[in-house]
Each structure stands twice: as C-alpha cells, then as structure tokens.
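First the proteins, then the strands, lettered A, B, ... as listed; each starts at 1.
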Amino acid sequence: MESDEENEEFQAWKGVPGTVVLINAFNPSSTESPAISHVATCRMIRQHLRFASNHYIGVCLYGTGDSEAASFGLQNVTEICSLNLPNLDDYKKLQSVNITSYGQAKDLKLSDALWHCSKMFTNCKKQLVSRTILMLTRLDIPPVESDHRATYMRVSDLVQSKIEVKIINVANEDVPVDQFYKNFLSEANGGKETAVPKAIWDCKEIENMMYQQSHRHLALARLSFEIGDGLAIGVGVYSLLKSNALPKNVNLHRDTNAILTSATKTVKVSNEGNNSNKVQMDVDEAENEQKQLPVLKSELLHYQNYGGERIEFTDKEKKKLSNPFGPPILKLLGFKPAGIMCKEKWFLKAGYFLYPNEDVIEGSTVAFKALHQACLEMKVVAICVLCTRVNSKPYIVALAPCGHPLGLDVEIGFDVIRIPFIESVRQLPTEDEGDNINVSEAHRRTMKDIVNTLKFDYKPEMFENPKLQSQYKAVEAIALADEELEPFVDTTKPNMEKFQELEEDLFDHLFGPFGATAPKRSGTKEAGVSSKRTKFDGEIDENLLQNRISNKKVNMYTVEQLKHILKWKNIQSLPALTGLKKNDLVNLVYEYCC
Amino acid sequence: MPPKVDQAAILILDIGRNVSTSDEKGKKSFFEEAKECVARVIERKIMSQDKNLLGVMLLGSKKTQNNMAEQCDGAFRHIEFLAELQAPTWKMIRDFPEKPTKSRGDWMDALVVAADHFKNGLSQVKVNSKKILLMTNFMCPTCLDENDIEKILNGFTEEEFELDVIGPDIYDESLKSEDIQLARKFVETTNGETATFEYAMQSCLLFHKKRTVNPTPWNVDLSIGPNIKIPVSSYIRLRDEPAVKTWLKAVKDPVTLTASSTEGIMSHKMHINTENQEVVEPDSVIKGYHYGQQIIPFAECDKSLLYEPGEKSLSLYGFTDASNINWQCLSGDGLAYIFGRKGDNKAKLAIRCLIECLHEMSLVGIVRRVYNKGNAPKMFAILPVIDTNNYVCLSMIPLCYKEEIKYMAFPPTNLKRYACSKEQVDGFKELIKAMDLMKAYDDTYEGTEAFPIAETVSPSVQYVLDCIAFRALNPGKPLPEPRDDILTLFKIPPLVQKRSKEPIEKLKNLFTLTKVEAKTRDRKRTQQQVDADMNDQNLEIKPDNQSNDGDMPTIQLPVTKKSNTITKIGTIDPVNDYKLLISNGTPLIDLIPEMAKVIENIVDCSFDGTYTKALEAMKHLRQECVKADPAPYNNWLQKFKKELTDRQKDDVLSLINDRQLNFILKAENSSSTHENVDSTQSQLYENDTVPDATELTMDTEINDLFDEM
DNA sequence: AAAGACCAGCTTCAACAGCTAATAAACTAAAAAC
DNA sequence: GTTTTTAGTTTATTGGTCTTA
C-alpha cells in the first residue's frame, strides 16, 4: 500500500485529468432527467472543445436495455464515447444520440456501470493525473436491492484506487433522496460525513457544474493564516474569475496549416567593429548573423535612466529587486469597520476568495467559521498582509466576510480585497465650478424618472463577451458545419423598448443643450460651439477675413466656408468651385479678396 | 508656447564657517545635516522623474561664481552656483563639498542671486512655480540694509517666488535673531513653507515619490438611449502601475563591468514549423484556432459572423440596486472617475444630478463601454462618489463577463463536525476589539489609524527606488536590504500587538488546531526548499568560506597552512591573522590600526552585501578593546562611521548598530568616555529604537562578562 | 452621411525636421502550483 | 508535464479636418 502511494506520488503531476460521465438513463417515470443530463453533457464537451482542453472524457449510459451489440457480458451499460480527448466526431455522435432509443433496463444496476468505468480508466493508454466518475442521476430511485452491496463494494474499491466518484443531482428541487445514495456518497467520500448535492434542473447550471467538476480544483495558494503569535489556521486562496477567458489561438503555416511555435533568439551584436561598413549592410541579415553571438545571463545588464545616467543592475540583482521580502504568508494586522471598504473608491484589481483548508491544519474550518461570524456580527473587515507566492510582492488586503459569492453554492468565505497603496492613486484635475451647479427639484424628478424606468436586476453572469461568443459561433460554423446552433445574442446591449418610454424632450429642455458652454479651443481657432460639428451659419465676419488674409491664416476656414466666402464676394471671373482642393480655394481667397 | 515646466527650485545651502560646528557634542553639525537633507531632496527629485528644474547654490563657498558677482565687482562674494537650473542629476549630489569652508556668505545676497537666475537664467522655459529652498542656520547675519531687503521682498512677491526654509526651527522663540525674524517674514509673505531637518527627513523626505503621469481624459458622450447624450470625461483614478519603466538591456563590458559601448542586445523572433522544425517566414504565418483537436485557420471563418462592437461609446444599459454589485464580480484593473465634460456646465449639472439621484436611491448604473471604434465592449458599473473634500463624480468599475466565472466548488463547511460555538465566536470578537486599527496609535500621532487606505506607501515600490538611488550613488556596491522604515510598513502597530496578546492566548485554548504531518507528496518540495535555503546560505557565507570561483579555494587553503609565517593581517581571515600575530607577540598598539584598516578595506570591497567578515573582524577587535583599552576602537569607530555616513553606507551603519558593535560604553570599560550610544546617525531612526539599542548593548556587556569567565 | 486618409502641435532668424505622451489591447515569458 | 497567473512587454491609437464613394 505504502509503496503504491509512493509510486503514485512520485509522478503526481504527470498526465492529464480523465473524467467518465455516467448518465443514468433508467427512467421508469419518464422524467426529463436523462434528457437534461444529455444536453448538459454535450454542452460541457463543447466547452472543452472551445478551449481545446487536454482532459480525457468518456461518456456512458447506464440503466439502458440489453442490446446485441452491448458490451460483452456487461448488461445495461452503453458506452457512447470512449475515454479520449474531446473531438468533433465524439461530440457529433453524442449530440445525435437519442437516449430513449437504447431502451430501459428491467432493473437499475449501478455496480456494473461503475466497474465498466474503472475498466475504461485501466484501458486508457494516456497517463492520467486524476480519474473522476461524474454521475448524472436522480437520487430518488435506487438500484435494485440486490445491487446495493455490490455497488458499495465497488465504490469502496474505486476510492481505494484513487478514482473519485461524484454525483450531480439532476432533479427538481423537492425530490426525496433515497437512503441508498446517502450511503453511496458517504462511501465515495471515504466513509466521512458529507453533504448531499443540491438538486439542479437547469441544464446550463449542470453544464457549469460538470465543467467545474471535470476541472482541476486549483488554489492560487495554500497558506497558513497567522492570526497571532502561535495561532494559525490553514486557508486556501482562490481566484473566482479567470484572468484570461480567451481560447487558445495558434499560428499556422499559410500553405500547410502546420502548427508553428515561436522562439525568440536574443543575441548581442557588435556595433563598432564594422562601423565603417555601410548602414545598409547592417540591415542585411546575412551580414548581421555573422556578428551575432549568444548572450550569457552573466553578461546581461538591465538598466534604468535616472538623473541623466544609466543605473545598471546585473540579472541577479534585478531578480533581487522584485523579491526582497519573505515567504508566502497571510498575516493578520488588525480590524477596521466594514464601512470603510468602498468599491467606488478602492477597487484596484479583481480580488480573491479565502476558504478554510483542513489539509495543513486540522480544525481550521471551525476557527475560520468563528472568525467569519465574529466579523459579520461586529461589522468589521480583517486587515492583513498577503504574499501569495514565493517570489511575489506582498501587499495589504481586507478580508470581508461573504456568502455565496457570484451566486455559487458556497456557504461562507472571505472576499480578499486588495487595498491600494498611495502610488496607485492619481490626483485628478479639479474645477472649482461646483458652486454654479444647482440641481433643482425638477432636475431631480426628471432624472429619477429616467433612472426608475431603466431599473433591472443585475446578475454577474448576465453579460457574455459578445466578441468571444461570436468567435465561437464563427469557428463552430466551420467545425460543426451542419449544426445550426442557437442564434447569437448580444447581451451587452439593453432591450431598447424601455428607452422608448424616456421623456427625452423634457430631459433636453431641463438639462440641455450640452456643449453650448464648451471652452474655446484656442484664441485663434473657432470656438468649439457644440459637441456636434460647427455648422456654418452663412454670416461672414469681414474683419476676421481681412485679419486672416493679412496673417496668411485663410487656411483656417473650412472648405465650406471658403466656398461661401468666394461666392459672397461675388467675383466675376471666379472659376467653378466644385472639385477644387482646399489649397486652391485658399489661394483664390488670397487672390480675390484683398 | 515655450516648453512648460511645472516647477523650478533653487537649493541654497550654507557651507560656511557658521554651519561647521554642532550645537551639542556628538551631534551632527548643521552642515552635515543639511548635506544629508539636500542629497535626499535631489535624490527624490531625480527619482520622481518629473519635468522640474533644480539648481544648487553654495552659500559661504570659498569660490565666488555667480552672475551677479560678475556684474557687480566685489559684491555677492562667496556664493557659488554649483549647478544652474536644469533637470536634477546625480552629479549635483556627488559634487557636494565634503567639508564646510572657513568663509561666510550673506544669505540675503544668495536670495538675490537665485532670484536673478530665475529672471535671467531661464531663457525660454515657462515655469509655473518658482521656489527657493534655503538651508542656513542664519548665524551669519545679512549686511543688507532694511530698504534693500524690503525691495527684495517686494521683488519676490511680484515674481511669485516662494521661499522655503529648511533646517532651523524659525518659530523657536529661543532662536529669534533678527535674521530669523526676517526669514520668517519672507516665508510668510511668499507663502513658503518651513521645516526642521528632522521633520523634513522623517516625514516629507522619508519615502520616494514615484514618477507621476499626467492624467489624460477619455472624452465620450454618456448616452442614455438613442437621443440623450451627455458629454463626459473619464480619468483613471486608481491603477496598479509598475514602480519603474520598462527595463532596458545592455551587454556587460568584461573590463569596466558597466554597459558596453560596442555591443548591444538584439532580439529576434521567429516561427518554427513543429512538423519539420523549419523556420517559417513571417509572411507565411497565419492565425488559427484550436477547436478540440481540430485546427481552423482564421481566414476560413465567415467574417460576417464576427462581432462589430461599433463606435467609441459609453452607453447606459440600466440601473440596478447597489447591493447587487459585489466585490467578486469586479474584474479588470482599477477604476476611473467620470466627470461632466470640462467647461460644460450643463453636462456637469446633468452628471451631478445623476450622482445625487443614484446616491439617494442606492442605485448604480451599468454601462457598456467601447473604448475606441472596433474595440471589444466591456461592461462597467458606475457608482456615485460624493466626497466633499475631494470629488463629486461617478466611479466606473469594470464588471466580469460570464465567461470569466469559474464556477468553483468547495468542500462543504456546514457539517456537524465544523460547527463552532458561541464562546469561539466571542473569542474572536474580543480579538477584534483589541486589534482595532482605527485606534492604533496614541493621540500624539497626527492620526490614530494604522494603514490608512491609499495613504501608505508600497514597500516593494520604495525598495526598488531605494536600490536605484543607492546604485547611482554607490556604483559597484552590493544592493542594500530593505530599510527599517520600509519593513515596519508591514508590521502590526506595537500598541495593537500588545493589546492582542491576551485575546490570542484565549483563542488558542478555544480551538483545537493540529498540524497535519507533511504528506509524502510534500517531501520532495520540502527537500527543494531545504536545498534553496542551503543555496542562500552558501551565497551569504561565500566570501568567508568556499566560493564558486575556481581559484578562491586554492588561495584559501594555503592561507590556513601558511598562517605561521604571516606578518600582516590579511583580508581573507582577519580574525585568525590577528590572533596569530598577537600570539607571535606583535604589540597591540600596532595591530589595532592594522585591523581597522583591514576592516575598512573589506567593507570597501565587500560584494556580498552582508559584510559578514568585516563585522566578524569588528566584533573581535571590539572584544579585544573592551578588555584592553576602549579608546582606539572608539576613536577609530567615530571616524569610520563618519566616513560611512558620507558615503551613504547606511546599511553598514545599521549593521554596526544591530550587531552591537557600537562605541564601547563606560559600562563595559570604565575608561571609556562614552556614556551611551549616541550614534551620529541616531536621527535616522525612530526614537523608540534608541532605548532598544541601549538594551542590546547592555546584553553585549553581559555576554562579554560571560566570555571572560 | 459615413468611412477612410491624412496631418496633427512645438520650436523661432526661418524653415526645417524631429521630436512628444497616455492608454488599451494584445501579447510573451516566466514562475509557481498541482 | 500542464495549467494558471502574473508581470512585463510591445503595439497601435488617440483628434480634427478634409476628401471621397
């Protein structure tokens, strides 16, 4: 056993994650559960396709009827996709599957299905870093009594061979959970107490959950949270948002579509030895290549220009500059009232999320919860120093207690809010015209009407990146060819109907017109009268014209104005003005208007 | 318009006989303090990288070199323009005289010369504010008569010069000489400022000011529906920016160890075909997408399906309850403040009205922003900011897109075994009460709040700037460790620390926290960690023990064997050499200066930044002197410290303090003349560290006693 | 009416060229975690 | 080894006016 573990641990980070999705197709009461599970699985795989992920995914049904083609000796299990990298064929196949066409088993049996899954893992040629069986099932219908014992044993075996078994409860809210599944879950959790997964019915939610579950559960850092001298708890720091939501883009060869990698070669070039050579030769690559020598780290200097001098540092020294402080840590400094944390004043960067971690210090969760509760009741935030990684710069954060961040099924935790240093603040230009501005009751009423008309409920997941979505659509149009997917909806644009109700005239009357008092751009230029382009009003300022002629500034008129001036002068021999360049018009003015 | 500069300042530093002595024994002279202060002022100006001009003038110089003196023969003597108005340079600091002169200069004359330079020395440059920083102790009274002085003052007000006096406390009633009264009048009339050296160094000059950027507005119409368009400007208000600009690269010249003038760095990027390893010309490179295992060239995509974000815009999506916006859904980097367009009072009114309404109704706006035509749209929340001291505006905060949400799951916490009791919660409540950072300091401080948001400096930024300045002034010397001033920025305030002791102890009893044995998985990492630590150690003790250089060990090995024949203390193992020579009967009186010399040499050539060997040698020398005669050590240390101060070797100075290598005190050897540690650099440290140092020195004494037993 | 091309201001003997800067977005490289 | 994050780059555009399809 121990040697096994050692062996496993030795290569702990080699390989890719593997997941087998196991959909319960046994559906005596004709619920939507299998169908929803099916759609959600498709969507999850599409998500993997979009990100070109390296996860191995297989899909199986269980509780299906016997079929001739059925897996040798295996009853009631249908493998739809073998454990493989997600690919278009599998995806299309899965999409076209009609679950009901596989028929129904007489009795629901789970043990064989699990056994088949474990066989899929064993047969997988690729080295897997993790193995997960993701069951999509209702929890109200247990397998036949005779299968219970076999299933428990099977699960126990799986857990021992490091195959995780997870359940997504695909059902309406109020379906009672059968005792069998409670036992099952406990067994799957190594005998420890655990919670029954909440029932979900929305297929997008299931998709999210599946995608998440098939994904490595990564903490940004696992730290010891030092609350005081000799008092520390284990915590994990997580980022709840992705920093780059962009899919992989690659460079290809124009002719062959072969994938290209890029390499940067850094060389030192002598700029003196061949100084006498023509400059053109320097650009010539062949010539240059001869002088190019590889650069050693030890002969590299980094410098900054300050006070008219180059301030130089060696490569090592530069590293030291960015790494002057200690090891990763979260250290409590004290507390402040929660009210001081104003998003509108201090938001600097996307925050993190803090969650207890029992792996390092047992009992952390209890202490974490107590601190959470105390902070809530006292309405305070904890102020801490945070250094997430070995070589990262430490900074000060506020820990604000929160629950269900982003609407997730997470009871408690702390928002980790970065507190800005003075260097991050910019002093902005202020205009002391506040006194002239008097907001009247009428203004206020009109504005409030507008605001009320446009009220809606914000949800963090309501806006999709339209650029990304349309890119997916464009790529999928080619990749999936025949599939016609849901039309693209731009969620960043509001429904314009509501805006029809606005009392725009009243608003204009009270607040407008804007731009009327805009400052003059400069002494010599026309006043920027409005935010719209200055319309020529037909009036010609003779003084201004003569002034400009004598100052050779006639070109400051627009073409429209120049034409107007020339016409207005009523010059006899004036040629046709259309089609002339501005310069010609200007010259005409100098010629005729003096 | 001619080139515009925000500020021009002339520093006038008195270096005459009148500033050469210190008021109290052991304290730095006015000259020394002023020199430090000027160096800091110039250093800060350089590091802030603004466009401001700086001039440096020496008052009481031996030389006379200024425009006014050239015009009026025999007048304006002993005033030397060390540097005329220009962008500040390191040279200004380096050119500073080491010692005060025997001459005296008239400070009022200096003001006139400075004023003249402002008027006539700046040809084309337009300057917003003109400052003169005067550093003198006013112990050399002006010879100008009242009328002339009145004229000068009038000139100052007319030209809007500002006079700042740094150094003496000109409001100290015990110092009210006529000249100080005069200085006060100048400062007050010109709206100038004044500070003592101590105050200036400890508060205004303690930290660097990072380079500033002038905020540029992003002008756009805030549109509400198709027809309402309010002209607004948004400015970046908060953003995490790197401490310094992009680093430039150069090749080290093997001879000078500085950037080579004949060689440069060039980077060349190329594409390599993964199938045949051939280099592909940039022309034949096209973009493509990975879809599952399939490759899809960008060109094949239907361009009509690509998104068109539209024109530059800021369009309102709607309004929502402020409570809907949580910290977790904020993404992106920093925030911008939106104002009604400059000069457009109607726009300002509309925005002001919107701000007030949102504030009253506890709502926020959601907007869609397209920064430039064709750029991907981003969603933002706009929140009202009403801060009477500062700004009334809308704060624009970036919101996340759905695609960014990770939908993470966590192990459940609502299990029975994780339940916590009321006592446990109360335990933390007590801690919260004890560790209130809003009352972290006595009232003697200006504010009682610790870590005020957006008011404290960033330690990492400060350290980088420190290092750049250090390198500029100490070329070739190893970089210092972070200053204490910087390290304390991450420490719990002492008062809070003290108050927290009891509640922490209580908490320890309330919870069962057991460290989990490191798993096998961690073994490897732990080993790596150990390895890393070992490496660090190796680096630190390298000069003492082995080095990576091949020849070092070969030198070192013979030394220990040859030791019988040595006649002088070497820099390789001074302590042993010393011991050997003593045992060979070399007289102490000869050895002590030699040892001192060696220590100085080691410090000069130390490349490790830790000065381990030098400090070891000092420790030994000190111990020897404690036993024999404190005077040689103390006298030498006095000189050495002065030299270190001059050469800005603050790191060595603090190490001397830290390692208790300071003056040998009377308590240690009764023939010492030093009652306590009055280190010449004491004002660099906070007051409360002084008793600490004393305590530590006492410890040494006890240690030494034990040593002797 | 919309889209794209094109020159922008500042020096000042004058005319020239040759500078100038903030910012978002896109990108790469490097580090660290699992 | 792979994934994720971040720090640190580089690059293009900014604005107004005029012409053109």
*Side-chain N or O of A:Arg426 less than 4.0 angstrom from OP1 or OP2 on C:dT23?*
yes
*Whole-Å distance separating the CZ atom of A:Arg389 from the P atom of C:dA30*: 16 Å
*Report yes if a side-chain nitrogen or oxygen of A:Lys349 is closer than 4.0 Å to either non-bridging phosphate oxygen (OP1 or OP2) of D:dT5; otherwise report no.*
no
_Inter-nucleotide C1' distance (C:dA1, D:dT19), Å rounded_ = 13 Å
*asked:* Tell me the interatomic distance from B:Asn372, atom CG, to C:dA26, atom P, rounded to whole angstroms.
replied: 12 Å
*Would you indicate, yes or no, if C:dA3 has its OP1 or OP2 atom less than 4.0 angstrom from a side-chain nitrogen or oxygen of B:Lys373?*
no
_Separation of the C1' atoms in D:dT13 and C:dC6, to the nearest angstrom_ = 14 Å
*Specify the residue among A:Ala221 and B:Glu241 whose closest nucleotide of DNA chain C lies further upstream toward the 5′ end.*
B:Glu241
*Closer to the 5' end of DNA chain C via nearest nucleotide, is it A:Thr388 or A:Asn251?*
A:Asn251
*Taking side chain as C-beta onward, heavy atoms only, is A:Gln47 less than 4.5 Å from A:Met210?*
no
_Would you say CD of B:Gln86 has more than 12 non-hydrogen atoms from neighbouring residues, nucleotides or ligands within 6.0 angstrom?_
yes
*Quote, to the nearest angstrom, the C1' distance that separates D:dG15 from C:dA22.*
14 Å
_Short side-chain N/O contact from A:Asn54 to OP1 or OP2 of D:dT3, under 4.0 Å_ = yes
*asked:* Ring-plane angle category for B:Phe298 and B:Tyr289, please: parallel below 30°, perpendicular beyond 60°, tilted otherwise.
replied: perpendicular
_Say we look at C:dA8 and D:dC18: how far apart would their C1' atoms be, to the nearest angstrom?_
13 Å
*asked:* At 4.0 Å (heavy atoms only), tell me whether A:Leu220 reaches a base, stays on the sugar-phosphate, or touches nothing.
replied: sugar-phosphate
*Just call it for A:Phe51: base, sugar-phosphate, or nothing, with non-hydrogen atoms closer than 4.0 Å on any strand.*
nothing
_Side-chain N or O of B:Lys378 versus OP1/OP2 of C:dA25: is the shortest distance under 4.0 Å?_
yes
*Please examine the side chains of A:Val385 and A:Tyr395, heavy atoms only from C-beta on, and report whether any two atoms are closer than 4.5 Å.*
no
*Tell me which nucleotide among D:dT4, D:dT9, C:dA25 gets nearest to the side chain of B:Thr246.*
D:dT9
*Using purine N1 to pyrimidine N3 plus N6-O4 or O6-N4 for Watson-Crick, or N1-O2 and O6-N3 for G-U wobble, each under 3.5 Å, what pairs with C:dA8?*
none
*Would you please say whether a donor-acceptor pair under 3.5 Å links the side chains of B:Ser331 and B:Glu404?*
yes
_Can you measure B:Trp247 atom CH2 to D:dT10 atom P for me and round it to whole angstrom units?_
14 Å
*For C:dA22, take OP1 and OP2 only and decide whether either is under 4.0 Å from a side-chain N or O of B:Tyr371.*
no
_Please give the distance between the C1' atoms of D:dT6 and C:dT20 as a whole number of Å._
31 Å
*A:Asn391 CG - C:dA33 P separation (whole Å)*: 9 Å
*Given C:dA22, is OP1 or OP2 found less than 4.0 Å from the side-chain N or O atoms of B:Asn214?*
yes
*asked:* So, OP1 or OP2 of C:dT28: does either fall under 4.0 Å of a side-chain N or O from B:Lys269?
replied: yes
*Under 4.0 Å between a side-chain N/O of A:Arg222 and OP1 or OP2 of C:dC34, yes or no?*
yes
*Only one of B:Asp221, B:Ile338, B:Ile382, B:Val370 forms a side chain to side chain contact (heavy atoms under 4.5 Å, CB included) with B:Leu314, so which one is it?*
B:Ile338
_Any A:Ser243 side-chain N or O less than 4.0 Å from OP1/OP2 of D:dT4_ = no
*Rounded to the Å, how far apart are B:Lys245 NZ and C:dA22 P?*
9 Å
*Evaluate the side chain to side chain contact (heavy atoms under 4.5 Å, CB included) criterion for residues A:Leu223 and A:Ile329: first the C-alpha distance (whole Å), next the side-chain angles of each, then the deciding distance (0.1 Å), finally the verdict.*
CA-CA 6 Å; A:Leu223 302 171; A:Ile329 197 177; 5.9 Å; no
*Scan B:Lys287 against the nucleic acid and name what it touches under 4.0 Å (heavy atoms): base, sugar-phosphate only, or nothing.*
sugar-phosphate
*Report yes if at least one side-chain N or O of B:Thr216 is closer than 4.0 Å to OP1 or OP2 of C:dA21; otherwise report no.*
no
*May I ask you to verify if any side-chain N or O of B:Lys51 is less than 4.0 angstrom from the OP1 or OP2 atom of C:dA21?*
yes
*Do B:Arg369's NZ or CZ and the ring of B:Phe380 fall within the cation-pi criteria of under 6.0 Å and 45°?*
no
_Counting only side-chain heavy atoms from C-beta out, which of D:dT5, C:dA24, C:dA31 sits nearest to A:Tyr352?_
D:dT5
*asked:* Check the phosphate of D:dA7 against A:Lys393, side-chain N and O only, distance under 4.0 Å to OP1 or OP2. Yes or no?
replied: no
_Short side-chain N/O contact from B:Arg239 to OP1 or OP2 of C:dA24, under 4.0 Å_ = yes
*Counting side-chain heavy atoms from C-beta on, which of D:dT5, C:dA25, D:dG8 comes nearest to A:Asn244?*
D:dT5
*So what does B:Lys249 hit on the nucleic acid, given a heavy-atom distance under 4.0 Å: a base, only sugar-phosphate, or nothing?*
nothing
_By nearest atom, which of the nucleotides D:dG15, C:dA3, C:dA24 is closest to the B:Lys312 side chain?_
D:dG15
*Please measure how far the P atom in D:dT14 lies from the corresponding atom in C:dG4, and state the result in whole Å.*
12 Å
*Within the structure shown, what part of the strands sits under 4.0 Å from A:Ser392 by heavy-atom distance: base, sugar-phosphate, or nothing?*
nothing
*asked:* Rounded to whole Å, how long is the line connecting atom CE of B:Met408 with atom C1' of D:dT3?
replied: 14 Å
*Looking at every strand, decide which applies to B:Lys406 at a 4.0 Å heavy-atom threshold: base, sugar-phosphate, or nothing.*
sugar-phosphate
